[in-house]
Amino acid sequence: MKKPLKVGFDLDGVLLYNPARIIRPILKTTKELLLKQKKPTFYVPQTPSEEFLWKLVHKSSMFISPGIEEIEDLVLTGEIQATIVTARFECLKGDYDKWVVKLNRNQIFKNSFYNHRNEQPHIFKERMLRKLKLDVYVEDNWDIVSYLHQSSLKTRIMWVNNILDKSISYPDKYSNLKDALKVIKQEIVV
Ligand SMILES: [Mg+2]
């Protein structure tokens, strides 16, 4: 029997539909203009009040994305092994746990990891993808996609983009999770 493809999924913006994520490119541009910052750096909440704000922002991840049934099919037919890798910080553990229970109601995810040591998200993901030896990883954040794509990882990085950063060209770009899964099904699983 063929070995299932190891596919990792980001949580916010990939498995969870997050209407607020379209504001990210605006924030990023502002940050770059103000700080002339090129390398990706992500803010880590430091105080209880900042952590509270962080939790509020993540409350906007409210819906499970269309595509979860397709993941289920691919797992049940043995074509993929699905894992969740999210860079959510320790202060979001409560909300993260709730979502994992909801998403994993049919035991489709083999494993699930979050960023409990509050590492920089791109560094955490690079480390996890290498450790888990993932064949494919589906991510929505362009800074993270470009960082992982340029790293020495063997993992194929599929980018789920949003309306505002649609103009960026990238070979593995999809407008939603469903489209990315269609390609996984057609191209990779033969
Ligand atoms: Mg994301």
Side-chain angles (χ1 to χ4, degrees), residues 6-28 31 39-68 71 75 81-134 136-149 151 153 155 157-162 164-165 174 176-177 180-181:
K6 288 184 181 178
V7 185
F9 296 92
D10 176 31
L11 190 64
D12 297 295
V14 174
L15 293 175
L16 300 182
Y17 172 72
N18 180 356
R21 77 193 171 101
I22 65 159
I23 67 167
R24 192 179 297 127
I26 301 170
L27 291 177
K28 193 191 150 218
K31 191 172 79 179
K39 266 198 223 149
T41 41
F42 295 86
Y43 189 73
V44 182
Q46 310 285 343
T47 63
S49 54
E50 281 177 5
E51 289 187 348
F52 177 73
L53 269 176
W54 222 252
K55 285 176 199 168
L56 276 186
V57 170
H58 281 80
K59 288 282 178 215
S60 62
S61 282
M62 275 185 306
F63 317 100
I64 292 181
S65 299
I68 195 79
I71 296 177
V75 170
Q81 188 185 83
T83 302
I84 300 170
V85 180
T86 169
R88 277 193 177 202
F89 299 127
E90 179 60 29
C91 66
L92 296 169
K93 186 182 189 306
D95 193 60
Y96 159 79
D97 285 341
K98 271 186 233 159
W99 278 116
V100 170
V101 169
K102 277 189 204 169
L103 285 161
N104 212 13
R105 66 195 192 285
N106 295 333
Q107 320 293 319
I108 53 175
F109 294 98
K110 183 180 162 61
N111 252 318
S112 170
F113 302 91
Y114 78 106
N115 186 7
H116 68 98
R117 280 187 275 168
N118 295 353
E119 287 172 74
Q120 279 289 306
H122 56 300
I123 305 293
F124 169 76
K125 288 187 172 178
E126 183 184 21
R127 191 167 65 73
M128 291 310 294
L129 268 50
R130 185 163 283 128
K131 187 173 166 186
L132 299 167
K133 296 188 172 70
L134 295 182
V136 180
Y137 183 62
V138 188
E139 165 70 50
D140 70 309
N141 182 302
W142 170 246
D143 287 335
I144 295 179
V145 167
S146 57
Y147 176 82
L148 296 175
H149 184 66
S151 72
L153 286 169
T155 311
I157 310 296
M158 297 179 97
W159 181 35
V160 173
N161 77 311
N162 62 51
L164 291 173
D165 50 22
Y174 307 92
N176 53 53
L177 174 63
L181 289 166

task: Output, in order, the C-alpha distance, side-chain angles, deciding distance and verdict of side-chain contact (heavy atoms from CB on, under 4.5 Å) for Val7 and Gln81.
output: CA-CA 6 Å; Val7 185; Gln81 188 185 83; over 6 Å; no
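- Looking only at side-chain heavy atoms (C-beta outward), Arg130 and Leu153 come within less than 4.5 Å of each other.
- Residues Gln46 and Glu50 share a closest heavy-atom pair of N-OE1, 2.7 Å.
- Note: Thr155 OG1 to Leu134 CG = 5.5 Å, rounded to the nearest 0.5 Å.
- Atom OG1 of Thr47 and atom CD of Glu51 lie 7.0 Å apart (nearest 0.5 Å).
- Between atom CD of residue Glu139 and atom CD1 of residue Ile157 there is a gap of 8.0 Å, rounded to the nearest 0.5 Å.
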query: Can you list the steps and then say if His116 with Phe124 is a side-chain contact (heavy atoms from CB on, under 4.5 Å)?
result: CA-CA 10 Å; His116 68 98; Phe124 169 76; 5.8 Å; no
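- Taking the six-membered ring where tryptophan is involved, the planes of His122 and Tyr147 are perpendicular, since the angle between them exceeds 60° and thus also 30°.
- None of Val100, Thr86, Leu11, Val85 except one satisfies the side chain to side chain contact (heavy atoms under 4.5 Å, CB included) rule with Tyr114; the exception is Thr86.
- A salt bridge between Glu90 and Arg117 is absent, with no side-chain N of the basic residue lying under 4.0 Å from a carboxylate O of the acidic one.
- With a 4.5 Å cut-off on side-chain heavy atoms, Tyr137 and Met158 do not count as touching.
- The side-chain heavy atoms of Tyr96 and Ser112, taken from C-beta on, include a pair separated by under 4.5 Å.
- With rounding to the nearest 0.5 angstrom, the CZ atom of Phe42 is 8.5 Å from the CZ atom of Phe89.
- Residues Asn162 and Asp140 are not in side-chain contact: their nearest non-hydrogen atoms beyond the backbone lie 4.5 Å or more apart.
- Looking at Asp95, its side chain never comes within 3.5 Å of a backbone N or O of Leu92 through a donor-acceptor pair.
- Counting heavy atoms from C-beta outward, Gln120 and Val44 have side chains that approach closer than 4.5 Å.
- Residues Pro121 and Ile144 come closest through the heavy atom pair CB-CD1, 4.0 Å.
- Using a 4.5 Å heavy-atom threshold, the side chains of Leu177 and Tyr17 count as separate.
- With hydrogens and angles ignored, the 3.5 Å screen pairs no side-chain donor or acceptor of Trp142 with any backbone N or O of Asp165.
- Of all heavy-atom pairs spanning Val14 and Asp10, the tightest one is CB-O, 3.3 Å.
- Annotation for Ala180 and Val138: closest pair CB-CG1, 4.5 Å, computed over non-hydrogen atoms.
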field: Residues Leu16, Ile64; criterion side-chain contact (heavy atoms from CB on, under 4.5 Å); working and verdict
entry: CA-CA 5 Å; Leu16 300 182; Ile64 292 181; 4.1 Å; yes
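- To the nearest 0.5 angstrom, Ile108 atom CD1 is 6.5 Å from Asn106 atom CG.
- A 4.5 Å side-chain heavy-atom check between Leu103 and Leu15 finds at least one atom pair inside the cut-off.
- Using a 30° and 60° split on the angle between ring planes, Phe109 and Phe9 fall in the perpendicular class, above 60°.
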message: side-chain contact (heavy atoms from CB on, under 4.5 Å), that's the test. Do Asp12 and Asn141 meet it? Break it down for me.
response: CA-CA 9 Å; Asp12 297 295; Asn141 182 302; over 6 Å; no
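- Here Gln107 pairs with nothing under the side chain to side chain contact (heavy atoms under 4.5 Å, CB included) rule; sequence neighbours left out.
- With hydrogens and angles ignored, the 3.5 Å screen pairs no side-chain donor or acceptor of Ser65 with any backbone N or O of Gly67.
- Applying the salt bridge (charged side-chain N to carboxylate O under 4.0 Å, His left out) rule to Lys93 yields the partners Asp97; only residues at least two apart in sequence or on another chain are considered.
- Residue Lys125 holds its NZ atom at 12.0 Å from CD of Glu119, rounded to the nearest 0.5 Å.
- Across all their heavy atoms, Gly13 and Val160 have their closest contact at O-CG1, 4.2 Å.
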